[in-house]
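Below: the structure, in structure tokens.
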Amino acid sequence: MAVRKFKPVTPGQRNKVISSFDEITCTKPHKALLEPLKRTGGRNNTGQMTMRYIGGGHKKMYRIIDFLRNKDGQTATVLTIEYDPNRSARIALVEYQDGEKRYIIAPNGLKVGQVIESGSGVAPDLGNALPLAEIPVGTLVHNIELRPGQGGAMARSAGTFAQLAAREGNHAILRLPSGETRMVLVSCRATVGTVSNPDHNLESFGKAGRSRWLGRRPHNRGVVMNPHDHPMGGGEGRASGGHPRSRKGLPAKGYKTRNPKATSNKFIIERRKK
């Protein structure tokens, strides 16, 4: 997986860096695993704007992803590696022995024709999903469950992974992409390997129009607004804006918003790094 750079034939191509899409093997998605995805434009059911800077964008369908990986006792063959407009990672279409097809998050290095499995007792090989109790310590994993049977919730975006650092009793200790170290029940499942498309962070849009294709409208900063529009607005000339805060007045950049009484606090050994 690599990125493409362009000769600056046009202003929009001067800083443009996009994925080479070399790993993509199919351009048309599997119809049975598609669902319509309605665009809101940032409006609620009465038509009022409740989320700013949202609107436009290319029409797209949602791909139904199997985050559970709960089809045990059957092997699955990878049919295609596909692009998913709803996520930064690539997805893989797999077919099980009984003919059922599902989409999964594609691990980095997964190839068409490769056979994968899920469940207890399977080998900890690339693309296999199994309980944390059976994965060797030090292994890199992704698509990790927070609760047994919930489906993968952590380490799902492009290039991310968590490392299984240790096991203590009923809990496995994971080092997450954010730097946080936390405990997860050993009965939770994870997929072996890292997520595909690791060069995603190297991409550069090159022009404002590419943001519009993704449904993102221009975002204006609080310091350039008037006082009645934003707490950081107003002032003569280019005023810095005072303490960083949101439009509703909630402090930002260092202000902790996590509930100190959250029940999951007892599972977090070390908080993420600032």
Side-chain angles (χ1 to χ4, degrees), residues 1 23 65-78 81 84 87-92 94 96 102-111 114-202 258-259 262-274:
M1 297 181 187
E23 69 279 9
I65 309 292
D66 178 23
F67 294 115
L68 283 167
R69 297 291 303 272
N70 59 354
K71 202 169 176 68
D72 300 346
Q74 293 193 42
T75 59
T77 306
V78 179
I81 306 292
D84 188 352
R87 65 192 70 252
S88 56
R90 304 290 181 241
I91 57 174
V94 299
Y96 287 90
R102 292 187 183 184
Y103 275 128
I104 65 165
I105 298 285
N108 194 26
L110 193 72
K111 304 292 183 185
Q114 195 166 325
V115 176
I116 59 174
E117 296 179 87
S118 60
S120 184
V122 305
D125 296 332
L126 179 70
N128 287 355
L130 57 158
L132 289 168
E134 301 177 20
I135 299 177
V137 173
T139 306
L140 303 182
V141 294
H142 67 278
N143 192 41
I144 308 153
E145 290 182 329
L146 275 168
R147 292 186 295 276
Q150 178 195 21
M154 297 187 292
R156 303 192 323 194
S157 63
T160 56
F161 59 86
Q163 186 174 27
L164 181 59
R167 271 192 292 268
E168 292 181 4
N170 292 330
H171 290 87
I173 298 175
L174 292 169
R175 197 171 291 114
L176 301 179
S178 63
E180 179 176 298
T181 304
R182 69 165 291 151
M183 295 189 295
V184 179
L185 285 169
V186 292
S187 52
C188 291
R189 291 191 182 191
T191 307
V192 178
T194 63
V195 185
S196 52
N197 196 21
D199 294 328
H200 176 71
N201 63 331
L202 303 176
R258 183 176 176 84
N259 183 2
T263 53
S264 59
N265 280 349
K266 59 187 176 183
F267 299 114
I268 297 173
I269 299 170
E270 185 182 353
R271 289 288 290 149
R272 61 187 172 89
K273 297 172 178 59
K274 291 184 180 178

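Everything numeric in this text was worked out from a predicted model, so none of it was measured.
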Of all the heavy-atom pairs spanning D72 and G119, show the shortest one and how long it is.
OD1-CA, 3.5 Å

Tell me whether R189 contacts the main-chain N or O of R69 through its side chain, where contact means a donor paired with an acceptor under 3.5 Å.
yes

What's the shortest heavy-atom distance between N128 and A123, and which atoms?
ND2-O, 2.8 Å

Enter the distance from C188:SG to H171:NE2 here, rounded to the nearest 0.5 Å.
8.5 Å

Side chain N143, main chain R156, donor-acceptor under 3.5 Å
no

Going by the ring-ring contact (aromatic ring centres under 6.0 Å, His included) test, which pairs reach into residues 121-169, not counting sequence neighbours?
none

Within-4.5 Å side-chain heavy-atom neighbours: V192 and D125:
no

What is the distance from atom CG of L132 to atom CG of L185, rounded to the nearest 0.5 Å?
9.0 Å

Are more than 12 heavy atoms, taken from residues, nucleotides or ligands other than R147, located less than 6.0 Å from that residue's CZ atom?
no

Under the side-chain hydrogen bond (donor to acceptor under 3.5 Å, both in side chains) test, which residues partner N170, sequence neighbours left out?
none

With A92 via side chain to side chain contact (heavy atoms under 4.5 Å, CB included) - residues at least two apart
V78, I81, I104, A106, L110

What residues form a side chain to side chain contact (heavy atoms under 4.5 Å, CB included) with Q74, not counting sequence neighbours?
K71, Y96, Q97, D98

What pairs with Q114 under side-chain hydrogen bond (donor to acceptor under 3.5 Å, both in side chains), at least two apart in sequence or on another chain?
none

Determine whether R182 and L176 make a side-chain contact, defined as any pair of heavy atoms from C-beta on separated by less than 4.5 Å.
yes

Are any side-chain N or O atoms of E145 and backbone N or O atoms of G152, one a donor and one an acceptor, separated by less than 3.5 Å?
no

Give me the atom names and distance for the closest heavy-atom approach of A89 to V195.
CB-CG1, 3.4 Å

Apply side-chain contact (heavy atoms from CB on, under 4.5 Å) to L174 and L164, showing your working.
CA-CA 5 Å; L174 292 169; L164 181 59; 3.9 Å; yes

Can you see which heavy atom on I144 is nearest to which on A155, and at what distance?
CD1-CB, 4.3 Å

Looking at R90, is its backbone amide N or carbonyl O close enough to the side chain of S196 to form a donor-acceptor pair, meaning the two atoms are under 3.5 Å apart?
yes

How far apart are the C-alpha atoms of L126 and K111, what are their side-chain angles, what is the distance that settles it, and do they pass the side-chain contact (heavy atoms from CB on, under 4.5 Å) test?
CA-CA 10 Å; L126 179 70; K111 304 292 183 185; over 6 Å; no

Nearest-0.5 Å distance, CG of residue L130 to OG of residue S118:
9.0 Å

Steps toward side-chain contact (heavy atoms from CB on, under 4.5 Å) verdict (I105, T191):
CA-CA 9 Å; I105 298 285; T191 307; over 6 Å; no

Closest approach of A76 and V94, non-hydrogen atoms and distance?
CB-CB, 4.0 Å

Any donor-acceptor pair under 3.5 Å linking the side chain of T194 with the backbone of N108?
no

Would you check if the side chain of E134 reaches a backbone N or O of P124 as a donor-acceptor pair within less than 3.5 Å?
no

Reference residue E180; test salt bridge (Lys or Arg N to Asp or Glu O under 4.0 Å); the match among R175, R271, R272, R258
R271

Output all residues satisfying salt bridge (charged side-chain N to carboxylate O under 4.0 Å, His left out) with R167, sequence neighbours left out; order by chain, then residue number.
none

When you measure from the side chain of N197 to the backbone of A158, do you find a donor-acceptor pair of N or O atoms at a distance under 3.5 Å?
no

Is there a side-chain contact between I65 and D84, using heavy atoms and a 4.5 Å cut-off?
yes

